[in-house]
Amino acid sequence: MTDTVDKVPASALPPEQIKAIPVRHYGRWVAAVVVVAILVLIGIAFSNANINYDVIPDYLTADTILSGAWATLYISVLSMALGLVLGVVLAVMRMSSNPVTSTVSWFYIWFFRGTPVLVQLLLWYNIALVFPVLNLGFYKDEMNQVMTPFLTALLGLGLNEAAYMAEIVRAGIQSVDEGQTEASHALGMTRGQTLRRVVLPQAMRVIVPPSGNEFINMLKTSSLVYTVQFTELIKAAQDISSTSLAVVEMYFVASIWYLLLTSIFSIGQYYLERRYARGSTRNLPPTPLQRLKANVRLFASFRRPEAVR
Amino acid sequence: MTALSKGTDLDKGTGRPMVKAEGVHKSFGPAHILKGIDLEVNPREVFCLIGPSGSGKSTFLRCINHLEKISAGRLYVDGGLVGYRQKGDKLYELKEKEVAAQRRDIGMVFQRFNLFPHMTALENVMEAPVLVKRETKAIARERAARLLDRVGLGDRKGHYPAQLSGGQQQRVAIARALAMEPKLMLFDEPTSALDPELVGEVLDVMRDLAEDGMTMIVVTHEMGFAREVGDSLVFMDDGVVVESGHPREVLTNPRHDRTKSFLSKVL
C-alpha cells in the first residue's frame with residue numbers, strides 16, 4: 001500500500017510553467033478614454049471660468065488663513081477627543097444592567113442625535129439666558145464671561161459628537177466574542193479590568209474606521225462654529241473675501257486646506273487600523289511605504305544582480 | 001514536574017472536600033437544566049464528568065466558578081460558599097469584587113480556548129497575575145515563560161493566538177489558567193474543538209498536571225483519558241447524576257441502562 005506514494009521519482013523536474021495569452025479587456029480601454037475626455041472637458045470649462053486662479057497660491061499661506069486652518073484643526077481634535085471619551089462612558093452606561101444609567105444614556109443619545117448641531121451650538125451660545133451665573137461653590141462668575149467662543153464651540157461640537165461615538169463604541173464592544181469576557185472573569189478580573197484590558201482593545205478594530213469618518217465629518221462640520229464667534233477656516237476665508245472680493249477663490253483656498261487635513265488624517269487612520277489589527281491576521285500586509293521600499297530594492301537588484309545575494 | 005504544584009499543594013489530610021455540591025439546581029427561565037446535583041470532589045482528585053450533550057455537565061462546571069448562578073441548593077469550593085455569604089439562615093449575594101476574588105483560585109479552560117487574540121502567548125499568560133494579583137511584570141514574565149516551557153511552547157512565546165494551532169492555543173490557555181496558581185482546575189471539553197491528531201498533546205499536558213496533584217474537574221468525551229487518568233467518574237443525563245464510581249468500573253461495568261446505552265454509542 002505504502003509504495004504507491006513513492007512512485008514519483010524523487011528527482012522529478014518541476015513541470016513547465018503555463019504560458020497562455022491573457023484575456024483582453026477592451027472595455028477598460030474604452031472606459032479610460034471616456035474618463036479622460038470628461039476630465040479634459042471639465043478642466044477646460046473651469047479654466048475658462050471667470051475665476052482668478054492666480055490669487056489662490058498667495059492666499060493659501062496668508063496669516064489669516066493659516067490661523068484659521070489651525071483653529072479648525074484644534075477645535076476638531078479637541079471636540080473629537082471629548083466626544084470619544086464621553087462616547088465610551090455613554091456606551092458603557094447604555095449597556096449597563098443598571099436601568100437608571102442605561103435610560104439616561106438612551107435619552108442623551110436620543111436628544112443630541114435628534115436636534116441639529118447648529119441649534120445646540122446656539123443654545124450653548126445663549127446659555128446665559130438659562131443660567132445667568134455659573135456657581136460651582138469654589139468658583140463663581142457671570143456665565144457670559146465663562147462661555148468664551150472656544151468653550152461654546154467645544155461643548156457644542158463635543159457633546160453632539162459623543163452621541164454618535166456612543167453608538168459606534170457600543171457596536172464595537174458588542175462585536176467582541178462573549179468568550180473573551182468569560183475567560184477574563186474566570187481569571188478573576190473585574191468588569192472594569194475586563195473592559196479596559198480585553199474588550200476595548202479588540203473593539204477598536206470595529207471602532208476606528210467609522211471614527212475616522214466621524215473625525216473627517218467633524219473637520220468640516222466645525223465650520224458651523226463661526227456662528228458662535230469662533231474664527232476658523234471658513235470664517236477666515238470669508239473675512240478675506242469681504243475685502244478682496246475674491247469670494248469663490250477664497251472658498252477654493254479653504255477647500256484645499258480641508259483636503260490637505262483630511263488626507264493627513266486618512267493616512268493616520270490607516271496606521272491606527274494596522275495597530276489594532278495585531279493578532280487578528282497572521283501576517284499584516286506591507287504598508288505602501290514598505291512596498292515602495294521593497295520595489296526600490298527590487299529595482300536596484302535588477303541593475304546589480306549580485307546585490308541581493 | 002514539581003514546579004507547577006508550588007502553591008497548589010493542599011493538605012490531603014484535612015478531609016475537607018475541594019468541591020461540595022448539595023442539591024444544586026439551575027434553571028434558565030422555564031428550562032430546568034440541573035435537577036439536584038449532589039457530589040464531592042476531594043483535593044488532588046481528577047474528577048471526570050461525562051454524559052450526552054445537554055445533560056448539564058458544562059452548566060454545572062460553570063456554576064462552580066459562578067459564571068452561572070445556581071437556582072437552588074448549596075455549592076462550596078474549599079469550604080466557602082460560591083457567590084454568596086451566609087448569615088444565620090439568610091444568603092447575601094457577594095459583591096462583584098468578592099466574586100472575582102473567589103475566581104482567582106479556580107482556573108478554567110474552555111472548549112474554544114478564548115485566548116486574548118490581541119496579546120502574544122506570553123502576554124496572555126502574564127496578564128491576569130499582573131492585573132489581578134498586582135505582581136511585577138518581571139516576576140509574571142518569568143513564571144509565564146516557565147509555564148510555556150512546561151506545556152512545550154517555549155519557542156512560541158511571541159506568537160499571537162492566530163499564529164498557533166488549536167492544540168497549541170489550548171496549551172497556552174492551560175498555562176494562562178495555571179499562572180494564577182489555582183487550587184482547582186475546571187476543564188470544559190478541552191479537546192472537543194481540536195483536530196483528532198492534536199488531542200493527544202493537550203491530554204498529555206493534563207495528564208502531567210494530574211500526576212502533579214492538581215485537583216481537576218474535567219468535562220470530557222475522551223473516555224480513554226477518563227479511564228487512565230481519572231480518579232472518579234460521574235455520568236450525568238438530563239440534569240441528574242445517573243451513576244458514579246471509579247472510571248474503570250463505570251466504563252466497563254455500567255449498572256444503569258442509560259449509562260450502558262450512552263457508552264455503547266461513544267466507545
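We name chains A, B, ... by the order of the sequence lines, and we start the count at 1 in each one.
- With contacts defined as side-chain heavy-atom distances shorter than 4.5 Å, the pair Val218(B)/Phe225(B) qualifies.
- Between Glu93(B) and Lys69(B) there is a salt bridge, since a side-chain N of the basic residue sits under 4.0 Å from a carboxylate O of the acidic one.
- With a 4.5 Å cut-off on non-hydrogen atoms, Leu131(B) touches chain A through its backbone and its side chain both.
- Proximity to chain A (any heavy atom under 4.5 Å) is shown, for Arg176(B), by both the backbone and the side chain.
- Annotation: Phe107(A), atom CZ; neighbour count of heavy atoms from other residues, nucleotides and ligands within 6.0 Å does not exceed 12.
- When the candidates His159(B), Lys133(B), His118(B), Gln102(B) are compared by the number of heavy-atom contacts under 4.5 Å with chain A, His118(B) comes out ahead.
- Contact of Leu186(B) with chain A is not made at all, since no heavy-atom distance falls under 4.5 Å.
- Put simply, the side chain of Phe112(A) does not reach to within 4.5 Å of the side chain of Val117(A), judged on heavy atoms.
- For Phe116(B), the parts lying near chain A are the backbone and the side chain together; criterion is any non-hydrogen pair under 4.5 Å.
- Contacts between Pro161(B) and chain A at a heavy-atom distance below 4.5 Å are absent for every atom of the residue.
- Surrounding NZ of Lys293(A) are at most 12 heavy atoms belonging to other residues, nucleotides or ligands under 6.0 Å away.
- Contact count versus chain A (heavy atoms, under 4.5 Å) is highest, among Asn65(B), Leu115(B), Val99(B), Thr120(B), for Leu115(B).
- Considering only heavy atoms from C-beta on, Ser211(A) comes within 4.5 Å of Met165(A) through its side chain.
- There is no contact between Ala101(B) and chain A, counting heavy-atom distances below 4.5 Å.
- With salt bridges taken as basic N to acidic carboxylate O contacts below 4.0 Å, one links Asp78(B) and Lys183(B).
- You'll find the ring centres of Phe265(A) and Phe215(A) inside the 6.0 Å limit.
- Ranked by heavy-atom pairs under 4.5 Å with chain A, the list Lys97(B), Glu127(B), Arg112(B), Arg104(B) is led by Glu127(B).
- For Arg196(A), the part lying near chain B is the side chain, with the backbone staying farther off; criterion is any non-hydrogen pair under 4.5 Å.
- Chain A forms more heavy-atom pairs under 4.5 Å with one residue of Ala173(B), Ala177(B), Pro117(B) than with any other, namely Pro117(B).
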